[in-house]
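Computation of the quantities below employed the complete heavy-atom set of this structure, encompassing side-chain atoms and omitting hydrogens, waters and symmetry-equivalent molecules. In listed order, ligands and their atoms are each counted from 1. A quick note: this is a predicted structure, and the numbers were derived from the prediction, not measured.
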Amino acid sequence: MSLTDQIYDQVLQRNPGEKEFHQAVKEVLDSLAPVVEKHPEFAKHKVIERIVEPERQIMFRVPWVDDNGGVQVNRGFRIEFNSALGPYKGGLRFHPSVYLGIIKFLGFEQIFKNSLTGTPIGGGKGGSDFDPKGKSDNEVMRFCQSFMGELYRHIGADTDVPAGDIGVGGREIGYMFGQYKKITNRFEGVLTGKGLNWGGSLVRPEATGYGAVYFAEEMLKVRGTDFNGKTVAVSGSGNVAQFATQKVNQLGGKVVTLSDSGGFIYDPDGVVGEKWEYVMELKNVKRGRISEYAEKYGCDYYPGKRPWEIKCDVALPSATQNELDGNEAKVLIDNGCIAVSEGANMPCTPEAADLFVENKVSFGPGKAANAGGVATSALEMSQNSQRLAWTFEEVDEKLHNIMINIHKNSRDAAAKYGAPDNLIVGANVAGFLKVAQAMIDQGVV
Ligand code: NDP
Ligand code: 2IT
């Protein structure tokens with residue numbers, strides 16, 4: 001049995017029931033087998049055994065009072081996974097499905113993603129099983145205040161810097177920032193995704209979606225083509241999906257699907273212009289369902305379904321993990337899809353990802369393709385440290401260059417380690433090498 005298989009077995013035994021974490025670890029370890037062979041120092045220093053074990057795992061009670069005066073109890077998490085390259089960095093997810101296995105999968109991915117960005121940030125992730133859907137603003141505020149009432153003691157601008165993820169956007173970051181400031185009496189860059197008037201960065205809201213499209217653009221360039229005239233299927237209709245759609249429109253492509261947990265809409269004329277503005281208002285202000293788009297614009301809505309049966313050139317899964325399986329991958333391939341860029345974290349099942357690679361569909365794994373969000377968070381941290389704010393163009397150009405570099409470095413690493421064109425292997429290896437070397441440099445800690 002190879003070393004990486006042995007370590008994977010230990011991970012299964014030590015982390016029972018955490019299936020998303022197992023899935024994320026397996027994908028990385030499978031990519032690392034040739035690296036371990038070439039670099040005996042990684043085995044000697046037990047780098048892989050150490051990297052799969054979080055540096056610190058924090059779980060806490062989050063009690064709060066709802067609008068009827070009832071007491072509610074949720075569970076909060078922060079996994080400080082790896083600080084070899086910088087302060088722990090990664091988002092907070094508020095969703096009823098959240099448990100330790102989800103936060104650990106996301107935190108583990110974040111280590112390699114953050115390394116790929118080339119910015120000085122370690123990996124972490126947190127969240128809660130709180131469901132913001134159907135809650136009033138006041139309930140969300142009270143929950144956020146209670147959550148931060150415990151989290152504040154574990155984080156700091158040079159220690160651990162959370163941000164948004166599913167269910168956490170500008171509103172929640174605001175409430176959490178206010179509470180952190182009140183408790184600590186410090187106005188500092190402890191969270192990213194802040195409002196523009198109080199330390200936020202231009203382009204951070206757009207960054208993940210734009211970045212996933214910039215990454216796809218690089219993959220299309222390798223194939224000698226671009227977004228102009230391409231039909232694009234997007235899933236989700238939250239932060240990542242919204243700005244991926246805007247960037248595809250700017251590059252001359254046409255987004256024909258969006259979804260939420262209720263189903264998907266198919267608009268063959270494209271989600272563009274006033275229709276895109278409508279989605280922004282529907283999801284960010286009204287907090288409604290994507291089915292309302294179909295009612296308003298008279299297009300088809302498919303309840304309970306995912307958009308992958310719709311013919312497209314490019315797919316951007318941008319909702320959640322394991323939302324595109326092997327059967328759906330086959331349909332996309334049969335329909336002539338040439339590129340898949342993961343806006344979400346781990347949206348394609350392992351079977352789907354393997355099918356894309358085998359069938360020469362350009363495939364951008366999440367830890368590379370959606371790294372633009374956290375990269376721009378790192379740019380927000382830099383601006384906070386300098387007490388300066390850069391222009392939209394300046395931040396966008398830096399983001400664009402970071403995405404070009406992630407694509408290039410992943411491609412180069414794939415070729416060097418015997419898997420040309422396989423960006424899964426390339427991203428895992430390129431992300432790992434920097435963290436592994438830093439861990440060796442810093443001793444057994
Ligand atoms: P949002 O909360 O803004 O939007 C999430 C979208 O995905 C909604 O449309 C939501 O539908 C849908 N969704 C969530 N869970 C499910 C589910 N279990 N089944 C079906 N649909 C679901 O989150 P983001 O756009 O920020 O995040 C989307 C993905 O991108 C996540 O995987 C996240 O980890 C990843 N990501 C986000 C980054 C960021 O900067 N925000 C950075 C990098 C990655 P509904 O409203 O019905 O729940
Ligand atoms: O998955 C992710 O990279 C994020 N949710 C963004 C993390 C961040 O710190 O900006």
Side-chain angles (χ1 to χ4, degrees), residues 20 86-98 102-103 105-114 116-117 119 121-127 131-134 160-173 189-194 200-201 203-212 215 234-245 258-265 279-280 282-284 287-291 304-307 316-324 341-348 366-381:
E20 296 84 1
Y88 309 105
K89 182 87 197 82
L92 297 169
R93 175 176 294 190
F94 293 169
H95 192 272
S97 63
V98 163
I102 296 242
I103 302 297
F105 120 63
L106 291 163
F108 185 70
E109 292 277 291
Q110 203 82 47
I111 304 170
F112 308 98
K113 183 196 299 190
N114 294 3
L116 284 169
T117 66
T119 61
I121 46 178
K125 198 85 186 191
D131 186 358
K133 269 201 210 87
D160 182 355
V161 183
D165 193 82
I166 291 176
V168 178
R171 175 181 62 166
E172 293 74 19
I173 294 292
V190 65
L191 294 163
T192 58
K194 298 185 292 300
S201 174
V203 194
R204 178 60 190 88
E206 291 86 351
T208 311
Y210 279 19
F215 194 90
V234 175
S235 65
S237 48
N239 173 264
V240 179
Q242 291 161 12
F243 288 104
T245 299
L258 287 176
S259 71
D260 60 23
S261 55
F264 79 92
I265 57 117
V279 173
M280 296 300 284
L282 176 69
K283 286 293 173 182
N284 304 331
R287 300 185 191 271
R289 310 309 301 156
I290 202 65
S291 57
K305 293 194 118 189
R306 307 192 285 210
L316 303 174
S318 305
T320 193
Q321 64 277 352
N322 294 325
E323 54 156 325
L324 196 170
S341 184
E342 292 189 323
N345 285 306
M346 210 166 75
C348 296
K367 61 173 76 68
N370 71 40
V374 76
T376 307
S377 280
L379 301 177
E380 183 171 327
M381 290 166 72

**Student:** Between ligand 1 and N345, is the shortest N or O to N or O distance under 3.5 Å?
**Tutor:**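 Yes: some nitrogen or oxygen of N345 is under 3.5 Å from one in ligand 1.
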**Student:** Can you check whether C348 reaches L324 side chain to side chain, under 4.5 Å on heavy atoms?
**Tutor:**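 Heavy-atom side-chain distance check passes, below 4.5 Å.
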**Student:** Mind checking whether E109 contacts ligand 2 via backbone (N, CA, C, O), side chain (CB onward), both or neither, at a 4.0 Å heavy-atom cut-off?
**Tutor:**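 No part of E109 is near ligand 2 at this cut-off.
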**Student:** Ligand 1 and V240, any nitrogen or oxygen pair closer than 3.5 angstrom?
**Tutor:**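 Min N/O separation from ligand 1 is below 3.5 Å for V240.
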**Student:** Would you say N370 and ligand 2 have an N/O pair spaced under 3.5 Å apart?
**Tutor:**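 So ligand 2 has no N or O lying under 3.5 Å from an N or O of N370.
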**Student:** I'd like to check which ligand 2 atoms, numbered from 1 as shown, lie under 4.0 Å from a non-hydrogen atom of S377.
**Tutor:**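 Answer for ligand 2: 8 (C), 9 (O), 10 (O).
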**Student:** Say whether K133, considering both its backbone and side-chain N or O atoms, lies within less than 3.5 Å of an N or O atom on ligand 1.
**Tutor:**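 For ligand 1, there is an N or O atom that lies under 3.5 Å from one belonging to K133.
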**Student:** Does at least one non-hydrogen atom of R93 fall below 4.0 angstrom from an atom of ligand 1?
**Tutor:**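 Contact present.
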**Student:** Do R306 and E323 sit within salt-bridge range, that is, some charged N less than 4.0 Å from a carboxylate O?
**Tutor:**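 No.
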**Student:** For ligand 1, find out whether one of its N or O atoms is nearer than 3.5 Å to an N or O atom of G262.
**Tutor:**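 Between G262 and ligand 1, no N or O pair is found under 3.5 Å apart.
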**Student:** Could you say whether the N/O atoms of D165 and ligand 1 ever approach to under 3.5 Å?
**Tutor:**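 Yes.
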**Student:** Any nitrogen or oxygen of Q321, side chain or backbone, less than 3.5 Å from one on ligand 1?
**Tutor:**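 No, no N or O pair falls under 3.5 Å.
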**Student:** Less than 3.5 Å between some nitrogen or oxygen of N370 and one of ligand 1, yes or no?
**Tutor:**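 Min N/O separation from ligand 1 is not below 3.5 Å for N370.
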**Student:** Less than 4.0 Å is my threshold; does some heavy atom of R93 fall inside it relative to ligand 2?
**Tutor:**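 Judged by the 4.0 Å heavy-atom criterion, R93 does not count as contacting ligand 2.
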**Student:** For the residue pair G123 and N114, what are the closest heavy atoms and their distance?
**Tutor:**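 Looking at all heavy atoms of both residues, the closest pair is CA-ND2, 4.0 Å.
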**Student:** With nothing but distance in play, are any N or O atoms of S318 less than 3.5 Å from an N or O of ligand 1?
**Tutor:**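 No, S318 has no N/O under 3.5 Å of an N/O on ligand 1.
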**Student:** Can you tell me the protein heavy atom closest to atom 7 (C) of ligand 2 and the distance?
**Tutor:**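 So the nearest neighbour among protein heavy atoms is G91 N, 3.5 Å.
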**Student:** What atoms in ligand 1 come closer than 4.0 Å to a heavy atom of H95?
**Tutor:**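 It comes down to these atoms of ligand 1: 15 (N).
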**Student:** Just so I know, are the side chains of I173 and V168 near enough to count as touching, which here means a heavy-atom distance under 4.5 Å?
**Tutor:**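 I173 vs V168: side chains touch.
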**Student:** Are S261 and K133 side-chain neighbours, meaning at least one heavy-atom pair lies under 4.5 Å?
**Tutor:**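 Yes, their side chains come closer than 4.5 Å.
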**Student:** List every atom of ligand 2 that sits less than 4.0 Å from any heavy atom of K125, numbering the atoms from 1 in the order shown and giving each element.
**Tutor:**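 Every atom of ligand 2 under 4.0 Å from some heavy atom of K125: 1 (O), 2 (C), 4 (C), 5 (N).
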**Student:** Is N345 reaching over with its side chain to a backbone N or O of L106, donor-acceptor style, under 3.5 angstrom?
**Tutor:**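 It does not hold such a pair.
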**Student:** Please confirm whether R289 comes under 4.0 Å of ligand 1, counting heavy atoms of the residue only.
**Tutor:**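 Yes, that is the case, since the closest heavy atom of the residue is under 4.0 Å from the ligand.
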**Student:** Does any N or O atom in S237 lie less than 3.5 angstrom from one in ligand 1, N or O only?
**Tutor:**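 S237 vs ligand 1: N/O contact under 3.5 Å present.
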**Student:** Heavy-atom contact check, 4.0 Å cutoff: does S259 meet ligand 1?
**Tutor:**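 Heavy atoms of S259 do come under 4.0 Å of ligand 1.
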**Student:** When you measure from atom 2 (C) of ligand 2 to every protein heavy atom, which one gives the shortest distance, and what is it?
**Tutor:**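 That would be K113 NZ, 3.2 Å.
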**Student:** Taking a cutoff of less than 4.0 Å between a non-hydrogen atom of the residue and any ligand atom, is G343 in contact with ligand 1?
**Tutor:**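 Flag set, G343 near ligand 1.
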**Student:** V240 versus N370: any side-chain heavy-atom pair under 4.5 Å?
**Tutor:**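 Not in contact.
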**Student:** Is it true that a side-chain atom of Q321 and a backbone atom of I102 form a donor plus acceptor pair closer than 3.5 Å?
**Tutor:**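 Looks like no, no N/O pair under 3.5 Å.
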**Student:** Can you check side chain to side chain contact (heavy atoms under 4.5 Å, CB included) on D165 and H95, steps first, answer last?
**Tutor:** CA-CA 10 Å; D165 193 82; H95 192 272; over 6 Å; no
**Student:** Under 4.0 Å from any heavy atom of G236, which atoms of ligand 1 are there?
**Tutor:**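 The atoms of ligand 1 under 4.0 Å from a heavy atom of G236 are 9 (O).
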**Student:** Examine the proximity of ligand 1 to T208 and report which part, side chain or backbone, both or neither, has a heavy atom under 4.0 Å away.
**Tutor:**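 Side chain only.
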**Student:** Enumerate the atoms of ligand 1 whose separation from the nearest heavy atom of S261 is less than 4.0 angstrom.
**Tutor:**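 Here the atoms of ligand 1 in question are 11 (O), 20 (C), 21 (N), 45 (P), 47 (O), 48 (O).
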**Student:** Taking the side chain from R204 and the backbone from G373, do they hold a donor-acceptor pair closer than 3.5 Å?
**Tutor:**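 Yes, because the side chain of R204 sits within donor-acceptor range (under 3.5 Å) of the backbone of G373.
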**Student:** I'd like to know if the side chain of E342 and the backbone of K367 have a donor-acceptor N/O pair within less than 3.5 Å.
**Tutor:**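 Such a contact is absent between E342 side chain and K367 backbone.
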**Student:** For R204, is the nearest heavy atom under 4.0 Å from an atom of ligand 2?
**Tutor:**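 It does, in that a heavy atom of R204 comes within the 4.0 Å cut-off of ligand 2.
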**Student:** Is G164 near ligand 2, meaning one of its heavy atoms is under 4.0 Å from it?
**Tutor:**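 Yes; G164 lies near enough to ligand 2 that a heavy-atom distance drops under 4.0 Å.
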**Student:** Is there a donor-acceptor contact under 3.5 Å from the side chain of S318 to the main chain of A344?
**Tutor:**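 Flag not set: sc S318 to bb A344 has no pair under 3.5 Å.
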**Student:** Using a 4.0 Å cutoff against the non-hydrogen atoms of A163, which atoms of ligand 2 qualify?
**Tutor:**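 Atoms satisfying the 4.0 Å criterion: 8 (C), 9 (O), 10 (O).
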**Student:** Closest non-hydrogen protein atom to atom 9 (O) of ligand 2, residue and atom name please, with distance?
**Tutor:**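 Nearest neighbour among protein heavy atoms for atom 9 (O) of ligand 2, to 0.1 Å: K89 NZ, 2.6 Å.
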